[in-house]
Amino acid sequence: MDKRSLVSIVDDDESVRESLPDLLREFGFEARSFKSGEEFLASSYLERTKCLILDIAMPGMTGFDVQRELKTRNRPIPVVFITAQRDEDAWSRPLKEKAVACLLKPFSDTALLHAIRTAFGTE
Amino acid sequence: MDEQDKHPGEEVKRLERFINDLVSLQALPALWSGGDPSQIAHILMDVLHRLLRLDLIYVELKGVSGEAPVEFARVAQSPVMASQVGEIGAELHRLLGDDPQKWPSHARRGFEDRDMSVVPLRLGLHGEIGTIVAGAERADFPEVTEGLLLRVAANQAVLSLHEARLLSEQKRLANELDRRIAQRTAELAAANEQLKLQVGLLQLIPVAAWTIQPDGTPDLINQNWLEYTGQSVDYLLSEPEAWMAAVHPDDREVASTSFWNGVRSGRDFAMETRFRRVQDGAYRWHLNRAVALRDADGKIVKFVGTSTDIDDLKQAQEALRNTQAEMATMARAMTVGELTASIAHEVNQPLSGIITNASTCLRMLDADPPNIEGALETARRTIRDGNRASEIIARLRALFSRRLATTEPVDLNEAAKEVIALLLSKLQRDGVILVCELADDLPLVAGDRVQLQQVIMNMLQNASDAMIDLKERSRQLLIQTRRDEADNVRLTVQDNGIGLGPQAASKLFDAFYTTKNGGMGIGLSVSRWIVENHQGRIWAQPNDGPGATFSFSIPCRPAQLASGG
């Protein structure tokens with residue numbers, strides 16, 4: 001696993017956007033956060049992103065919309081969904097969409113690290 | 001005179017008899033005095049019969065003031081049956097002519113198979129009183145003296161009949177007068193009875209009733225009022241506002257204003273006040289209503305009014321209001337299940353931040369060398385997110401706990417945004433595209449933030465539900481706020497769903513009316529209750545295209561609420 005790999009975060013919640021990059025940097029990754037799917041898709045970091053941590057419920061594009069758009073653009077970035085929702089959709093759909101993992105907020109640091117490692121195929 | 005020459009003794013006797021007869025006739029008026037025309041006619045016939053040895057006597061008296069003529073007759077010595085009198089009269093008219101005025105002064109005619117000398121005499125100068133016909137079979141009738149006697153008798157009769165007529169007219173007038181007096185007396189008695197009944201009714205009807213003069217002075221106060229308040233008539237009439245002593249001290253100012261405004265307006269008026277019931281000292285709500293009575297010129301004669309004890313009704317209303325409040329709580333409780341996911345979402349967001357920050361903090365401290373500055377920053381963020389979570393929980397608690405309505409300045413935009421945040425994920429799951437058009441310069445309204453949010457939530461959920469079965473077009477939801485022309489703040493939720501049925505629009509806001517399966521139909525009625533408590537109104541209308549638009553508007557600064565805040 002390349003320690004300098006870029007992990008991008010897309011979440012409309014500010015506290016997540018503030019806290020996650022610091023943790024990811026503690027893990028040794030480069031981290032960038034975006035407040036919407038649209039912002040991420042329009043940014044130059046898209047090309048460099050090796051793993052995407054993606055919130056499901058957001059105004060505008062949802063996490064699933066973003067994932068679909070990536071497929072359309074033929075940019076198969078591994079996705080770790082994160083959600084505060086605890087309904088059936090949160091469990092079944094990410095699996096169906098071939099996500100790496102789906103973490104329910106709040107999640108532990110080890111659970112996140114485990115998911116990212118899975119994404120990079122190192123575990 | 002041949003006879004007189006031949007029989008001087010006879011002649012003297014005849015003259016003596018004649019003079020006697022004349023004297024008897026002179027006595028007739030005394031006999032007739034006070035009698036009625038028919039008595040006079042009968043006596044006249046008797047006397048003439050006796051004096052002149054008549055075979056027929058017929059009297060016709062003309063009717064007074066349009067009455068039919070009356071006929072009398074004697075044949076030989078016997079009185080004639082009433083039924084025959086008319087026949088005799090008719091026979092005479094046949095023999096002598098239709099018009100008695102033109103009858104000859106003497107004629108000899110065949111009357112009922114006998115020849116008879118008849119002498120008609122007019123009563124009155126032109127026969128205006130009537131006619132007498134004297135008849136005898138004797139060919140010498142009437143002798144000179146007999147003619148004289150007849151005329152004297154007729155003249156006497158005219159005088160007496162005239163007098164009798166006057167008398168009878170006077171009697172008739174007197175009777176008429178008596179009748180009218182009696183009638184009027186009866187009418188007055190009836191009216192008096194009616195009046196007594198009406199006053200009695202006013203006294204007895206089972207509400208307090210009263211009348212007021214146009215200047216507002218009490219006039220008549222019924223027993224019901226006196227017994228209820230324990231006030232006496234003398235006291236009540238002592239000054240215009242004496243009745244006010246029975247009004248609850250807190251209501252006096254309003255009552256006085258309403259009362260005098262009502263009296264001055266000259267129109268019907270109504271007001272609600274609490275009156276003290278002397279029996280137990282309880283102040284009970286009354287509905288007071290007054291009606292202005294006017295004369296033909298439209299000038300007010302007095303006000304008539306009633307005071308009805310509506311305290312029980314008020315309490316029932318209060319109970320209903322409490323029930324509605326409970327229903328509101330129930331409606332909140334019903335949404336709890338649906339909103340669990342949203343609540344989890346709201347709370348888990350900051351929790352997620354807290355845990356991530358705390359983990360980061362530990363890792364920074366654990367590093368070699370420890371990243372103290374980074375650890376401090378993440379610890380600060382942990383505290384901030386903790387506070388944020390606590391605020392969210394407090395807000396949710398307020399939303400789902402039963403509590404009294406509070407009044408505070410509410411920014412409807414902010415309130416709407418919070419509701420949208422709660423519903424967003426659900427709306428997205430339902431595939432609803434939400435567009436917000438919130439006005440920038442929206443003034444604050446005074447009200448209960450949580451209650452208003454409940455209305456907004458209800459509107460959004462209804463709109464979303466209305467679009468659930470939509471397949472052929474995208475589900476679009478528009479929420480707008482704006483300040484309208486009447487200085488109200490208006491919030492509108494528009495969907496493009498199934499729309500409103502024609503009869504639904506009128507019943508939408510009734511409790512338990514619903515078109516949804518599994519719904520209790522309480523949401524909109526509670527919404528209306530809440531909006532109306534904010535002096536606002538809520539309504540629904542079909543869109544020009546598909547779907548419906550629900551709106552409510554609230555005054556920017558409702559006076560009653562604003563003064564409390």
Side-chain angles (χ1 to χ4, degrees), chain A residues 7 9 11-29 31 33 35-37 53-66 68 80-93 102-116, chain B residues 337-367 370-371 373-389 392 417 420-436 477:
Chain A
V7 177
I9 303 147
D11 198 319
D12 63 321
D13 187 70
E14 197 186 358
S15 67
V16 173
R17 289 202 306 274
E18 277 180 357
S19 59
L20 264 190
D22 277 352
L23 183 61
L24 290 170
R25 282 180 205 119
E26 282 300 307
F27 289 153
F29 302 108
S33 60
K35 69 169 185 284
S36 70
I53 297 174
L54 190 53
D55 187 28
I56 294 176
M58 289 183 290
M61 290 182 87
T62 66
F64 299 128
D65 293 339
V66 176
R68 199 177 308 120
V80 174
F81 281 113
I82 56 174
T83 180
Q85 217 74 50
R86 273 179 167 54
D87 54 23
E88 202 189 336
D89 256 13
W91 295 102
S92 60
R93 197 150 166 206
C102 181
L103 302 177
L104 297 179
K105 296 178 187 175
F107 44 81
S108 70
D109 52 353
T110 50
L112 179 65
L113 187 58
H114 178 70
I116 295 172
Chain B
E338 294 174 20
L339 289 173
T340 308
S342 302
I343 295 163
H345 183 260
E346 281 291 292
V347 178
N348 286 333
Q349 291 282 29
L351 279 181
S352 181
I354 289 165
I355 288 170
T356 305
N357 281 317
S359 307
T360 311
C361 183
L362 283 178
R363 282 174 184 275
M364 285 173 168
L365 291 173
D366 203 32
N371 178 358
E373 207 169 311
L376 282 174
E377 177 56 28
T378 51
R380 264 186 227 112
R381 280 195 222 131
T382 308
I383 294 167
R384 193 202 55 196
D385 285 349
N387 286 335
R388 199 178 133 208
I392 288 168
K417 279 181 200 164
I420 291 167
L422 275 174
L423 286 178
L424 194 63
S425 60
K426 182 181 186 298
L427 292 175
Q428 281 174 343
R429 267 205 317 285
D430 293 344
V432 173
I433 297 164
L434 176 68
V435 178
C436 294
L477 186 54

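All chains are named by letter (A, B, ...) in the order of the sequence lines, taking the proteins before the strands, and each is independently numbered beginning at 1.
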Open item on the list: Quick check on A:Glu18 against chain B: is it the side chain, the backbone, both or neither that has a heavy atom closer than 4.5 Å?
Closed with: both
Open item on the list: For B:Ala367, give me all partners under side-chain contact (heavy atoms from CB on, under 4.5 Å), at least two apart in sequence or on another chain.
Closed with: none
Open item on the list: As an exercise, state the distance from CE of B:Met364 to CG of A:Asp22, rounded to the nearest 0.5 Å.
Closed with: 4.5 Å
- [ ] Calculate, to the nearest 0.5 Å, the distance between atoms OG1 and CD belonging to B:Thr378 and A:Glu26 respectively.
- [x] 8.5 Å
TODO: For residues B:Arg381 and A:Ser19, report the shortest heavy-atom separation together with the two atoms involved.
DONE: NH1-CA, 3.7 Å
Task: chain A contact residues among residues 351-360 of chain B, heavy-atom distance under 4.5 Å - done: B:Leu351, B:Ser352, B:Gly353, B:Ile355, B:Thr356, B:Asn357, B:Ser359, B:Thr360
Task: Heavy-atom pair count under 4.5 Å with chain B, highest-scoring of A:Leu112, A:Leu103, A:Asp13 - done: A:Asp13
Task: B:Arg363 versus chain A, the contacting section by heavy-atom distance below 4.5 Å - done: both
